[in-house]
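Written below as structure tokens is the structure these notes are about.
Residue numbers start from 1 in every chain, and the chains themselves are labelled A, B, ... in the order their sequence lines are given, proteins ahead of strands.
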Amino acid sequence: MTKNRHIQNIFRILKATYPDVKTALRHRNPLQLLIATILSAQCTDERVNEVTKKLFKQLKTAQDFVEISLAELEELIRPTGFFKNKAKSVKGCCKAIVENHGGKVPGTLEELVKLPGVGRKTANVVLGSAFGVPGVVVDTHVKRLSQRLELTDNTDPIKIEMDLMKIVPEELWSEFSLQLIFHGRKICKARKPECPLCPLNKVCPYPTQ
DNA sequence: CTCCCGATAT
DNA sequence: ATATCAGGAG
């Protein structure tokens with residue numbers, strides 16, 4: 001089986017299994033998605049959604065996040081873990097957004113990555129789901145599945161991102177990332193992957209236990 | 001590489 | 001007890 005055939009099979013099966021993927025992080029605008037994504041580090045999206053439901057009811061604009069005290073913000077986001085770092089990042093982002101971007105979240109990878117606490121993963125989530133700009137999101141799931149499916153030999157997320165950008169057509173970057181993320185959560189889990197249930201098990205090199 | 005954070009699954 | 005959860009900074 002050629003490498004191209006391998007990846008085409010994966011696209012076909014993922015599309016059939018997850019025909020209409022969208023981010024699980026609840027949001028109404030780019031600012032909300034940016035903040036939700038920062039909060040999502042090492043935390044389930046379910047918990048992030050619980051926190052942001054209250055958070056976004058109380059705080060609407062970037063200016064609101066600049067004005068709230070650090071201690072208050074820390075308490076509001078505490079259940080997401082890493083709350084001191086995340087509170088600092090959220091406030092820092094909003095400060096930069098107010099001062100340098102007229103209160104609007106910037107829509108390019110270059111500008112997003114300059115924001116404190118925003119790396120390529122977070123930036124590509126915002127680009128893909130808030131601005132409709134293609135981006136490969138390499139989070140813990142995409143990294144693990146790319147390795148199990150042998151789409152990359154690398155362990156560095158940036159190198160994996162580059163590998164996937166070569167293999168995956170640009171118009172599928174965001175969709176493919178989301179499909180791997182959903183599949184990684186439900187089936188191809190880090191701990192105990194459910195290989196017998198997996199629609200990819202016929203084309204996957206990973207041992208099915 | 002370590003640290004940040006705490007809940008949950010195994 | 002330990003690994004893992006939509007990572008990023010120092």
Between the protein and nucleotides 2-4 of chain B, list the N/O to N/O atom pairs that are separated by less than 3.5 angstrom.
unit_1	atom_1	unit_2	atom_2	d
B:dC4	O2	A:Asn85	ND2	3.3

So what does [X] hit on the nucleic acid, given a heavy-atom distance under 4.0 Å: a base, only sugar-phosphate, or nothing?
{"X": "A:Leu25", "answer": "base"}
{"X": "A:Leu33", "answer": "nothing"}
{"X": "A:Ala36", "answer": "nothing"}

Original post:
Where along residues 134-146 of chain A does a heavy atom come under 4.0 Å from DNA chain C, residue by residue in number order?
Top reply: A:Asp139, A:Thr140, A:His141, A:Arg144

For atom [atom1] of [X] and atom [atom2] of [N], their distance in whole Å:
{"X": "A:Glu46", "N": "C:dA6", "atom1": "CD", "atom2": "P", "value": "10 Å"}
{"X": "A:Asn49", "N": "C:dA6", "atom1": "CG", "atom2": "P", "value": "11 Å"}
{"X": "A:Arg185", "N": "C:dT4", "atom1": "CZ", "atom2": "P", "value": "17 Å"}
{"X": "A:Arg47", "N": "B:dC5", "atom1": "CZ", "atom2": "P", "value": "16 Å"}
{"X": "A:Leu34", "N": "C:dA6", "atom1": "CG", "atom2": "C1'", "value": "13 Å"}
{"X": "A:Leu39", "N": "B:dG6", "atom1": "CG", "atom2": "P", "value": "15 Å"}
{"X": "A:Asp45", "N": "C:dT4", "atom1": "CG", "atom2": "P", "value": "18 Å"}
{"X": "A:Glu194", "N": "B:dA9", "atom1": "CD", "atom2": "P", "value": "14 Å"}

**OP:** Kindly say whether A:Thr61 contributes a backbone atom to a donor-acceptor pair with the side chain of A:Asp64 at under 3.5 angstrom?
**Re:**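 Answer holds: yes.
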
Subject >> Sidechain-backbone polar pair: A:Asn154 side chain, A:Asp156 backbone, donor-acceptor under 3.5 Å >> reply: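 Not confirmed, A:Asn154 side chain does not pair with A:Asp156 backbone.
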
Subject >> P gap between C:dA6 and B:dT10, integer Å >> reply: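 Here C:dA6 and B:dT10 have their P atoms 14 Å from each other.
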
**OP:** Write down the distance separating the P atoms in C:dG10 and B:dC5, rounded off to the nearest Å.
**Re:** 14 Å

Original post:
Can you tell me if the side-chain N/O atoms of A:Arg78 get under 4.0 Å from OP1 or OP2 in B:dG6?
Top reply: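 Yes, A:Arg78 has a side-chain N/O under 4.0 Å of OP1/OP2 on B:dG6.
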
Original post:
Which of these passes salt bridge (charged side-chain N to carboxylate O under 4.0 Å, His left out) with A:Glu194: A:Lys186, A:Arg185, A:Lys189?
Top reply: A:Lys189

**OP:** By nearest nucleotide on DNA chain C, pick out whichever of A:Lys22 and A:Val118 is the more 5' one.
**Re:**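 Result: A:Lys22.
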
[Y] and [X], any side-chain heavy atoms less than 4.5 Å apart:
{"X": "A:Lys121", "Y": "A:Ser177", "result": "no"}
{"X": "A:Phe176", "Y": "A:Ile10", "result": "yes"}
{"X": "A:Gln42", "Y": "A:Thr140", "result": "no"}

Subject >> Residue A:Glu171 excluded, over 12 heavy atoms near CD under 6.0 Å >> reply: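 Check passes, neighbour count above 12.
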
**OP:** Return yes when atom NZ of A:Lys104 has more than 12 non-hydrogen atoms of other residues, nucleotides or ligands closer than 6.0 Å, and no otherwise.
**Re:** no

**OP:** Give, ordered by number, those residues of residues 148-177 of chain A having at least one heavy-atom distance below 4.0 Å to an atom of DNA chain B; if nothing qualifies, reply none.
**Re:**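 Hits under 4.0 Å, by residue number: none.
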
N/O donor to acceptor pairs below 3.5 angstrom from side-chain atoms of residues 16-28 of chain A, sequence neighbours left out:
unit_1	atom_1	unit_2	atom_2	d
A:Thr17	OG1	A:Ile13	O	2.7
A:Tyr18	OH	A:His183	ND1	2.7
A:Thr23	OG1	A:Leu25	N	3.1
A:His27	ND1	A:Leu25	O	2.8

Original post:
Taking atom types as they are modelled, is there a donor-acceptor pair under 3.5 Å from the base of C:dA6 to the side chain of A:Thr23?
Top reply: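 Answer yes: a donor N or O sits under 3.5 Å from an acceptor.
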
Compile the donor-acceptor pairs under 3.5 Å between side chains in residues 79-86 of chain A and protein atoms, sequence neighbours left out, one pair per line.
unit_1	atom_1	unit_2	atom_2	d
A:Thr80	OG1	A:Ile77	O	2.8
A:Lys86	NZ	A:Leu39	O	2.7
A:Lys86	NZ	A:Ala41	O	2.9
A:Lys86	NZ	A:Thr80	O	2.9
A:Lys86	NZ	A:Gly81	O	3.3

Subject >> Minimum-distance nucleotide to A:Ala190 side chain [options: C:dG8, C:dA6, C:dC5] >> reply: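 Nucleotide nearest to A:Ala190's side chain: C:dC5.
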
Original post:
A:Ile181 has a side chain; which of C:dA6, C:dG7, C:dT4 sits nearest to it?
Top reply: C:dA6

Just distance, no hydrogens or angles: give the donor-acceptor pairs under 3.5 Å from side chains in residues 125-138 of chain A, sequence neighbours left out.
none

Original post:
Is a salt bridge present between A:Arg47 and A:Glu50, judged by a nitrogen-to-oxygen distance below 4.0 Å?
Top reply: no

Original post:
Atom SG in A:Cys188, atom CG in A:Leu197: separation rounded to 0.5 Å?
Top reply: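 Rounded to the nearest 0.5 Å, the SG-CG separation comes out at 12.0 Å.
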
